2 protein chains.
Amino acid sequence: MAGLRERKKAATRQAVHDAAIRLSLERGIDGVTIDEIAEAAGISRRSFSNYFTSKEDALLYADGQQIRALVDAVRDRPAGESGWTAMRAVVSALAVQDEHIVREWALRSRLAMSHPALLAVQLGNQAALEQDLAAAVADRDGVGPIRARVLATAFLASLRVAMRLWNQQERTAHPRETMEQVLDEMERAFQG
Amino acid sequence: MAGLRERKKAATRQAVHDAAIRLSLERGIDGVTIDEIAEAAGISRRSFSNYFTSKEDALLYADGQQIRALVDAVRDRPAGESGWTAMRAVVSALAVQDEHIVREWALRSRLAMSHPALLAVQLGNQAALEQDLAAAVADRDGVGPIRARVLATAFLASLRVAMRLWNQQERTAHPRETMEQVLDEMERAFQG
DNA sequence: CAGCATACTTGCCCATTGGGCATTTTTGCC
DNA sequence: GGCAAAAATGCCCAATGGGCAAGTATGCTG
């Protein structure tokens, strides 16, 4: 069960992340220092650096978790599905079953949209995990490595566009609808 | 003709960028400080900050120039072409006529691949300019804003994948071939 | 051409940051 | 209960980003 040690560490990490998000929403990202986040999370500044290398890292911790979960979920989809269909199915299911997770993701994207440095880190994280996603796609279809990469990139890019749109639209629609819409556009974009 | 002032400023900016690239190639990105870059470019550290907010910014200055040129070139393509075709035509022409520009771009991507913080900034820059590219596509086709965004994202994502591949492949092939290949894959990925 | 407003450069300064190193505290296990 | 491994903390320092104010260069106008 991963040992108490592991679990406690994970809990602290999550607590630091939560504190970072909360304070950033309250005062704006630039209005918060690492010292304050550390204090809010009940650890020392030096310990903060043991968990995250920067404020941006702390704010986007959940992003990495999320994409990792996506990759795992894609691997668990039934073998008949194509990679693209599998990815779509996973986010659809997520949007229905755990809407709050999607909303939190949108919230982080929103923060990122208003803060270039944060956006940069978010994109960097996604780029790193995009390779894992491509590998998952490649393992599933017998498809070649380039095709797999292209599919994974296109998929993540679609989700980014969807997040951006949804945040701009005053978040009227259900986030799932926006995601489906953008993914449909991506599929159709090359069929004319 | 933009005034002496403007031109001189642009020249200095370029000089700083060049110095940053050169020193980073020599000693590795982390082995260079802003002070050293500033000195190599013949300005003070404080002036460096007037031109760029960070070392990453300085290293990737040409990236922004490049994408801006791409957007302008797309706007200048004949009206009959679809947005996607226009974008492809622009990079194809660029790869043939100014191969060195493409190689420098690949070089910067290579630097970015080995340095997460730099990659992050590169992606952030591209995301910012992606909106302009989407606007150019939207103006050209009568296509809707979402479709335009999707096309622009897919295109830039393809170029990133191509750069990554080309850099991994020991750069044997001509960069143009890799780009064409990835763009073809993107077109075909959704036609099965 | 002289003089002036504007824009650019620089020096000085300070809070914040990332991370190395050494020490202390906790934790899990025998 | 005690010990080895791991985690937290304190201390420290170089590097950074940017505000402020004092020079300095530039180009326009009378």
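Please read all numbers here as calculations on a predicted model, not as lab measurements. Convention: sequence-line order gives letters A, B, ...; per-chain numbering from 1.
Looking at heavy atoms from C-beta onward, B/Trp105 lies out of side-chain contact with B/Ile101 at the 4.5 angstrom threshold.
Rounded to a whole Å, the CZ atom of A/Arg46 is 16 Å from the C1' atom of C/dT25. Remark: P of C/dG11 and CD1 of B/Ile43 are 11 Å apart, rounded to the nearest angstrom. One can place CZ of B/Arg45 at 10 Å from C1' of C/dC13, the figure rounded to the nearest angstrom. For the pair B/Asp30 CG and D/dA15 C1', the computed distance is 12 Å after rounding to whole Å. Atom CZ in A/Arg13 sits roughly 9 Å away from atom P in D/dA8 (whole-Å rounding). B/Asp35 has its CG atom 13 Å from the P atom of D/dA14, to the nearest Å. Across the protein-nucleic acid pair, A/Ile37 atom CD1 and C/dG18 atom P stand 10 Å apart, rounded to whole Å. For the pair A/Glu6 CD and C/dG28 P, the interatomic distance rounds to 10 Å; values are reported in whole Å.
Ranked by how close their nearest DNA chain C nucleotide is to the 5' end, A/Thr33 and B/Phe48 are led by B/Phe48. Judged by closest nucleotide on DNA chain D, A/Asn50 is the one of A/Asn50 and B/Lys55 placed further toward the 5' end.
A cation-pi contact, defined as under 6.0 Å to the ring centre and within 45° of the axis, is absent between A/Arg188 and B/Phe190.
No donor-acceptor distance shorter than 3.5 angstrom exists from the side chain of B/Arg77 to the backbone of B/Met87, with no hydrogens or angles considered.
Dashed line: the shortest gap from a side-chain N or O of B/Lys9 to OP1 or OP2 of C/dC8 is under 4.0 Å. B/Lys8 has no side-chain polar atom (N or O) that falls below the 4.0 Å cut-off from OP1 or OP2 of C/dC8.
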>> Applying salt bridge (Lys or Arg N to Asp or Glu O under 4.0 Å) to B/Glu39 and B/Arg45, what does each step give before you reach the verdict?
In response: CA-CA 8 Å; B/Glu39 205 211 332; B/Arg45 179 178 82 91; over 6 Å; no

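Heavy atoms of B/Ser47 sit under 4.0 angstrom from at least one base atom. Residue-level contact check: A/Tyr51 touches the backbone only, with heavy atoms under 4.0 Å from sugar-phosphate atoms and none from bases.
Between A/Glu187 and A/Arg88 there is a salt bridge, since a side-chain N of the basic residue sits under 4.0 Å from a carboxylate O of the acidic one.
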